[in-house]
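All remarks here apply to the structure that follows.
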Amino acid sequence: YYSHITPIDKETAEFAADFFFKLSDAQVKEKILDLRKNQPAIFQLLEICTKKFRSTEKTYVLWKMGLMIDYCYSHVYSGFPIITQKNIADYMIWMRNETAELEKLYGDVEMEDDKTIEGYNQNNLLNSVSIKLNHYIVEIEFLNDVESGELGMCLISLIPIYNDKISINS
């Protein structure tokens with residue numbers, strides 16, 4: 001879907017993953033406030049996603065990943081514009097309609113992660129996100145099934161929302 005977009009490079013994605021996951025709680029709070037000011041609609045979306053988490057430490061995993069994604073787009077695509085509530089709503093409506101259309105044609109539809117990820121044309125960023133997710137879900141079992149599902153759904157929505165904004169402004 002996004003083959004016309006220059007992908008985020010591996011170095012930027014790895015730097016962001018390393019940087020944001022080394023921040024102290026106070027630094028994370030400060031970065032969240034910056035996000036609130038610079039991308040208020042993304043802040044609100046992430047805030048909604050945190051409702052399923054039972055502790056601040058667990059919500060910070062989501063925040064760090066969201067901050068990491070935002071950093072990558074802001075850094076690679078200079079002058080990255082503000083994402084609006086309408087941009088997010090448009091994506092959510094499109095996704096719901098797309099899923100409904102596929103279900104009409106094929107019955108129950110499960111997302112094919114590999115095809116979806118390929119279509120985003122952001123393999124380096126998604127790889128960095130996957131490594132972090134794997135660490136918190138599989139390696140140290142920090143997040144339960146509900147939390148990991150919520151985290152995955154939220155993050156997998158962010159990439160096309162950011163990509164759509166690049167497409168609109170290209």
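Atoms considered below: every heavy atom in the structure, side chains included; atoms not considered: hydrogens, waters and symmetry mates. We count residues from 1, following the sequence as given.
When P160, C72, P7 are each tested for a side-chain contact (heavy atoms from CB on, under 4.5 Å) with Q122, only one passes: P7.
F19 pairs by the ring pair (Phe, Tyr, Trp, His ring centres under 6.0 Å) definition with F15, not counting sequence neighbours. The side chain to side chain contact (heavy atoms under 4.5 Å, CB included) search around E139 returns N134, H135, not counting sequence neighbours. Judged as a side chain to side chain donor-acceptor pair (under 3.5 Å), and not counting sequence neighbours, Y60 has no contacts. For the side chain to side chain contact (heavy atoms under 4.5 Å, CB included) test, no residue two or more places apart in sequence or in another chain qualifies with S3. Contacts of E150 classified as side chain to side chain contact (heavy atoms under 4.5 Å, CB included), with partners at least two apart in sequence or in another chain: C49, K52, F53. Residues meeting the side chain to side chain contact (heavy atoms under 4.5 Å, CB included) test with A89, sequence neighbours left out: none. Taking the side chain to side chain donor-acceptor pair (under 3.5 Å) definition, one finds that S157 meets it with nothing, sequence neighbours left out. Every residue two or more places apart in sequence or in another chain that forms a side chain to side chain donor-acceptor pair (under 3.5 Å) with K22 is listed here: D18. Not counting sequence neighbours, T50 has no partner by the side chain to side chain donor-acceptor pair (under 3.5 Å) test.
M92 and I42 fall within a single hydrophobic cluster, where Ile, Leu, Val, Met, Phe, Trp and Tyr side chains are chained together by heavy-atom contacts under 4.5 Å. M153 and Y120 fall into different hydrophobic clusters, where Ile, Leu, Val, Met, Phe, Trp and Tyr residues are linked whenever their side-chain heavy atoms come under 4.5 Å apart, directly or through other members. In terms of hydrophobic clustering, with Ile, Leu, Val, Met, Phe, Trp and Tyr side chains grouped at heavy-atom distances under 4.5 Å, V138 and V61 are assigned to a common cluster. In the hydrophobic cluster analysis, where Ile, Leu, Val, Met, Phe, Trp and Tyr join through side-chain heavy atoms closer than 4.5 angstrom, I82 is grouped apart from I159.
Applying the ring-ring contact (aromatic ring centres under 6.0 Å, His included) rule to pairs touching residues 137-165 yields Y73-Y162, F80-Y162, Y136-F142, sequence neighbours excluded. The stretch residues 69-90 participates, sequence neighbours left out, in these salt bridge (charged side-chain N to carboxylate O under 4.0 Å, His left out) pairs: K86-D90.
Between E147 and R54 the shortest heavy-atom distance is OE2-N, 3.7 Å.
Here the side chains of Y2 and I166 are not in contact, with every heavy-atom distance at 4.5 Å or above. Two residues are said to be in side-chain contact when any heavy atoms from C-beta on lie closer than 4.5 Å; F21 and M65 meet this criterion. Between L158 and L45 there is a side-chain heavy-atom pair separated by less than 4.5 Å.
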Test side chain to side chain donor-acceptor pair (under 3.5 Å) on T84 and N87 and set out the steps. CA-CA 5 Å; T84 65; N87 298 138; 3.0 Å; yes
Review item, side-chain donor-acceptor pairs of residues 30-39, under 3.5 Å, at least two apart:
residue: N38; atom: ND2; partner: D34; partner atom: O; Å: 3.1
residue: Q39; atom: OE1; partner: I83; partner atom: N; Å: 2.7
residue: Q39; atom: NE2; partner: P81; partner atom: O; Å: 3.0

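A donor and an acceptor atom, one from each side chain of D9 and T12, are located under 3.5 Å apart.
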